[in-house]
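Residue numbers count from 1 along this sequence.
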Amino acid sequence: MIIDVHGHYTTAPAALSAWRDLQIAGLQDPRKTPKAGDLHISDDEIRETITRNQLRLMQERGADLTIFSPRASFMAHHIGDFATSSTWAAICNALCFRVSQLFPDHFIPAAMLPQSPGVEPKTCIPELVKCVEQYGCVGVNLNPDPSGGHWTAPPLSDRSWYPLYEKLVEYDIPAMVHVSTSCNTCFHTTGAHYLNADTTAFMQCLSSDLFQDFPTLKFLIPHGGGAVPYHWGRFRGLAQELKKPLLEEHLLNNIFFDTCVYHQSGINLLTEVIPVKNILFASEMIGAVRGIDPQTGHHYDDTKRYIEATQNLTDAERHMVYEGNARRVFTRLDKVLKARGL
């Protein structure tokens with residue numbers, strides 16, 4: 001199977017963003033605040049947005065199954081308070097669950113968390129429990145910066161995160177460390193903030209002993225790991241100076257990288273530097289980079305082409321990237337597939 005571990009519902013019906021606009025307006029004028037029940041999206045609307053977009057491209061590009069979560073830039077945890085985020089997360093997670101119900105062979109849900117600046121991460125646990133136990137979510141998106149580019153949250157190694165990690169470990173659910181919209185004009189959301197966060201999250205883990213406390217906790221760092229593969233020697237050297245074990249022992253039993261890298265040289269570098277067991281196929285299609293590369297004539301986010309073309313992988317290793325690693329990291333996904341005889 002070709003399993004894409006990084007998909008977002010970026011094409012959700014317009015009614016979703018219209019409801020969100022009303023929710024935001026209600027922060028200034030509570031009379032405008034909509035109720036969750038005011039949002040009406042039919043199954044047919046969901047089918048249309050998926051079949052014309054994600055499913056069409058999956059079929060054209062040869063992907064079989066996508067781990068599907070709410071649109072990352074729409075999480076916007078910096079807006080409002082915990083109640084705002086809680087209502088918004090519940091709506092978005094329910095929508096992705098409906099996608100998985102309508103297209104069970106092609107999509108399986110992952111959840112966003114109702115994070116909010118200055119609020120303890122443990123407040124997200126009830127939504128996590130609901131999404132795992134009722135929706136069958138196989139992963140979550142964890143925002144290391146709910147402030148939206150101002151980085152007011154403690155590092156991922158801080159003990160305030162521990163209650164949430166305990167629940168992730170209990171469920172054996174990996175967390176994709178994925179920020180949302182940047183409201184800091186210094187950092188472009190997808191061109192800077194996302195990649196900065198990927199690099200920052202890795203360094204926060206490197207400089208801590210987080211995985212000694214949680215030896216089975218799993219983080220997926222998206223977008224190819226940001227700057228990490230390109231500066232692997234720097235991180236190896238920093239670990240050495242900090243008296244940490246070798247990175248293979250210190251981090252690579254717990255941290256994984258996806259292939260949302262949108263050119264051949266980038267995938268070549270990723271697959272040359274990072275052990276194959278730590279690389280999971282992903283595209284984040286219809287996401288940050290939607291255009292066609294004039295040098296190749298293909299979409300930048302058609303990442304399967306790069307995996308096929310790199311000379312750094314054997315056929316057995318490609319199978320690991322496409323399927324084997326995803327089933328090993330996302331153990332709940334593996335159970336679902338085995339139950340289907342796959």
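- T152 OG1 to D145 CG: the interatomic distance, rounded to the nearest 0.5 Å, is 6.5 Å.
- In terms of modelled atom types and a separation under 3.5 Å, the side chain of E45 and the main chain of S42 share a donor-acceptor contact.
- The two residues S160 and P121 have their closest heavy-atom pair at O-CD, 3.5 Å.
- In plain terms, the two heavy atoms of A326 and I3 that are nearest each other are CB-CG2, 4.1 Å.
- Proximity of a side-chain donor or acceptor of S85 to a complementary backbone N or O of F82 within less than 3.5 Å is not detected.
- If you run side-chain hydrogen bond (donor to acceptor under 3.5 Å, both in side chains) between D198 and each of H193, H178, H223, only H223 comes through.
- Across all their heavy atoms, A89 and L113 have their closest contact at CB-C, 4.2 Å.
- Distance check, rounded to the nearest 0.5 Å: CD1 of I67 to CG of L280 gives 8.0 Å.
- Without hydrogens or angle criteria, S147 side chain to P117 main chain gives no donor-acceptor distance under 3.5 Å.
- In terms of heavy-atom proximity, Q115 sits nearest to P146 at NE2-CG, 3.6 Å.
- In summary, the side chains of N196 and T199 do not present any donor paired with an acceptor at a separation below 3.5 Å, with no hydrogens or angles considered.
- Side-chain atoms of H188 come within 3.5 Å of backbone N or O of G191 as a donor-acceptor pair.
- The backbone N or O of C205 lies less than 3.5 Å from no partner atom in the side chain of S157, so there is not a single donor-acceptor pair.
- When only modelled atom types and interatomic distance are considered, D258 and H6 share a side-chain donor-acceptor pair under 3.5 Å.
- In this structure, R52 places its CZ atom where only 12 or fewer heavy-atom neighbours from other residues, nucleotides or ligands lie under 6.0 Å away.
- If you check the side chains of N268 and Q264, you find a donor sitting under 3.5 Å from an acceptor.
- Of the possible donor and acceptor atoms, one in the side chain of T10 sits under 3.5 Å from a partner among the backbone N and O of I286.
- Hydrophobic clustering of Ile, Leu, Val, Met, Phe, Trp and Tyr side chains at less than 4.5 Å, counting indirect connections, keeps I292 apart from V289.
- Between the side chains of Y135 and S100, no donor N or O sits under 3.5 Å from an acceptor N or O.
- Taking the ring axis of Y306 as reference, the NZ or CZ atom of K304 does not stay both within 45° of it and closer than 6.0 Å to the ring centre.
- No salt bridge links K35 with D38; every basic N to acidic carboxylate O contact stays at or beyond 4.0 Å.
- No salt bridge links R305 with E308; every basic N to acidic carboxylate O contact stays at or beyond 4.0 Å.
- Rounding to the nearest 0.5 angstrom, the gap separating the CD atom in E241 from the OG atom in S207 is 13.0 Å.
- Side-chain contact between S17 and F74: present, with at least one pair of heavy atoms (C-beta onward) separated by less than 4.5 Å.
- The two residues P70 and N141 come nearest to each other via the heavy atoms O-ND2, 4.3 Å.
- Using a 3.5 Å distance cut-off with no hydrogens or angles, the side chains of S180 and H77 do not pair a donor with an acceptor.
- Note on ring orientation: taking the six-membered ring where Trp is involved, the planes of F219 and F211 are perpendicular (angle over 60°, cut-offs 30° and 60°).
- Transitive grouping of hydrophobic side chains (ILVMFWY, heavy atoms separated by less than 4.5 Å) brings F235 and I255 into a common cluster.
- Panel note: side chain Q54, backbone Y9; no donor-acceptor pair is recorded below 3.5 Å.
- Put simply, M176 and L252 are part of two different groups of oily side chains (I, L, V, M, F, W, Y) that touch within less than 4.5 Å, one to the next.
- Counting only heavy atoms from C-beta outward, the side chains of P163 and I125 approach each other to under 4.5 Å.
- The local environment of CD in Q28 is sparse, with at most 12 non-hydrogen atoms from other residues, nucleotides or ligands closer than 6.0 Å.
- The aromatic rings of W232 and F202 sit tilted, their planes meeting at an angle between 30° and 60°.
- The distance from atom CZ of R20 to atom CD1 of I79, rounded to the nearest 0.5 Å, is 4.5 Å.
- In plain terms, the two heavy atoms of N254 and L217 that are nearest each other are ND2-O, 2.9 Å.
- Here the side chain of E323 pairs a donor or acceptor atom with the backbone of M1 at under 3.5 angstrom.
- Note: L95 CG to I46 CD1 = 5.0 Å, rounded to the nearest 0.5 Å.
- N278 contributes no side-chain N or O that, together with a main-chain N or O of I274, makes up a donor-acceptor pair within less than 3.5 Å.
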Inset, instruction - Test F68 against F107 for ring pair (Phe, Tyr, Trp, His ring centres under 6.0 Å), laying out the working first. - result: CA-CA 6 Å; F68 207 53; F107 297 93; 4.8 Å; yes
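- Note on D301 versus R61: salt bridge recorded, some NZ/NE/NH1/NH2 to OD/OE distance being below 4.0 Å.
- Between the side chain of R332 and the main chain of V132, no donor-acceptor pair closer than 3.5 Å is present.
- A distance of 6.5 Å separates CZ of F103 from CZ of R47, quoted to the nearest 0.5 Å.
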